[in-house]
Amino acid sequence: MPVASARFLGAAATPGGGPPPGPPEVAIAGRSNVGKSSLINCLVHRRGLARTSSVPGRTRQLNFFAVDDRLVLVDLPGYGFAVGSEAERRAWGPLVETYLAGRPTLRGVLLVIDVRRGVEAEEEQVLAYLASLRRPVAVAATKVDKLARSAGSAAVAALGRRVGGDVPVVGFSARTGAGRDELWRVVSRWIAAGGAP
Ligand code: GTP
Ligand code: MG
């Protein structure tokens, strides 16, 4: 999908914070340092829009990015990091869950999983939680550039079997752009499907 403009819209550091609901939103979830911000930058073709870092767990707030004022991509804080204060770690659940459970304009969640790690306990929990909320979800199996082509396809297929038939699994690389068009097709379907409001 061609993107003419993408800009930072605002952030939520406390439950219910951030910009008021507007255009349809798609949230990017995943383990700390898995490549969520890199995926956003790749989707919108802007290298430095969402801040990336080699230090895990740097993003402790929800960051909202407007794409051509017709879609908002939401960079969620990563889970699974062991750094930060106890208070910060306890704040993660309410912050993210308030958003996922209550945001009226949320149309779907892209769960980013390292293709080399696959589904671990935390991913199981997130998938079960999103299913309980009846939120549409797709998996971006990222960093396929780190595997040889055949090993990458095999790992993506194994992930697909693991998460079940109704969750699309897309092999992806922010480095090469592999899977970018397919992820946009998933996002476009969510937007076209509509929903409240
Ligand atoms: P937090 O916000 O800290 O949770 O991290 P994040 O999930 O936003 O990850 P980020 O996009 O900052 O990327 C983390 C590291 O992984 C960076 O060093 C990226 O360059 C690298 N990375 C991200 N995506 C890819 C990918 O597709 N391939 C490769 N090889 N490296 C990647
Ligand atoms: Mg990030």
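Fair warning: this is a prediction, and the values are worked out from it, not measured in the lab. Counting starts at 1 for both ligands and their atoms, following the listed order.
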Electrostatic pair R7:D69 at N-O distance under 4.0 angstrom: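 D69 and R7: salt-bridged.
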
Electrostatic pair R31:E122 at N-O distance under 4.0 angstrom: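 So R31 pairs with E122 through a salt bridge.
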
Using a plain distance cutoff, I'd like to know if [X] has any nitrogen or oxygen under 3.5 Å from a nitrogen or oxygen of ligand 1.
X: K36; answer: yes
X: V34; answer: yes
X: R51; answer: no

Shortest non-hydrogen contact between G171 and V156, atoms and distance: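 Taking every non-hydrogen atom into account, CA-CG2, 3.7 Å.
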
Show the atoms of ligand 1 that are less than 4.0 angstrom away from any heavy atom in [X].
X: S173; value: 27 (O)
X: T142; value: 27 (O)
X: S38; value: 10 (P), 11 (O), 13 (O), 19 (C), 23 (C), 24 (N)
X: S32; value: 4 (O)
X: A174; value: 24 (N), 26 (C), 27 (O)

Check: E25/Y99 side-chain N/O donor and acceptor closer than 3.5 Å: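 The answer is yes; a qualifying pair exists.
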
Residue part near ligand 1, for N33, under 4.0 Å between non-hydrogen atoms: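 Both of them.
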
Full working for side chain to side chain contact (heavy atoms under 4.5 Å, CB included) between H45 and V3: CA-CA 8 Å; H45 281 307; V3 172; 5.9 Å; no

Trace of the side chain to side chain donor-acceptor pair (under 3.5 Å) decision for S37 with D75: CA-CA 7 Å; S37 303; D75 198 358; 2.6 Å; yes

Identified side-chain contact (heavy atoms from CB on, under 4.5 Å) counterpart of V167 within the set L111, L159, V139: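 Testing V167 for a side-chain contact (heavy atoms from CB on, under 4.5 Å) against L111, L159, V139 leaves exactly one candidate, V139.
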
Metal proximity, S37 vs the Mg ion (ligand 2), N/O/S cut-off 2.8 Å: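 S37 does place an N, O or S atom closer than 2.8 Å to the Mg ion (ligand 2).
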
Any G30 heavy atom less than 4.0 Å from ligand 1: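 No; G30 lies far enough from ligand 1 that no heavy-atom distance drops under 4.0 Å.
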
Side chain to side chain contact (heavy atoms under 4.5 Å, CB included) between L71 and V187, intermediate numbers included: CA-CA 9 Å; L71 165 72; V187 169; 4.0 Å; yes

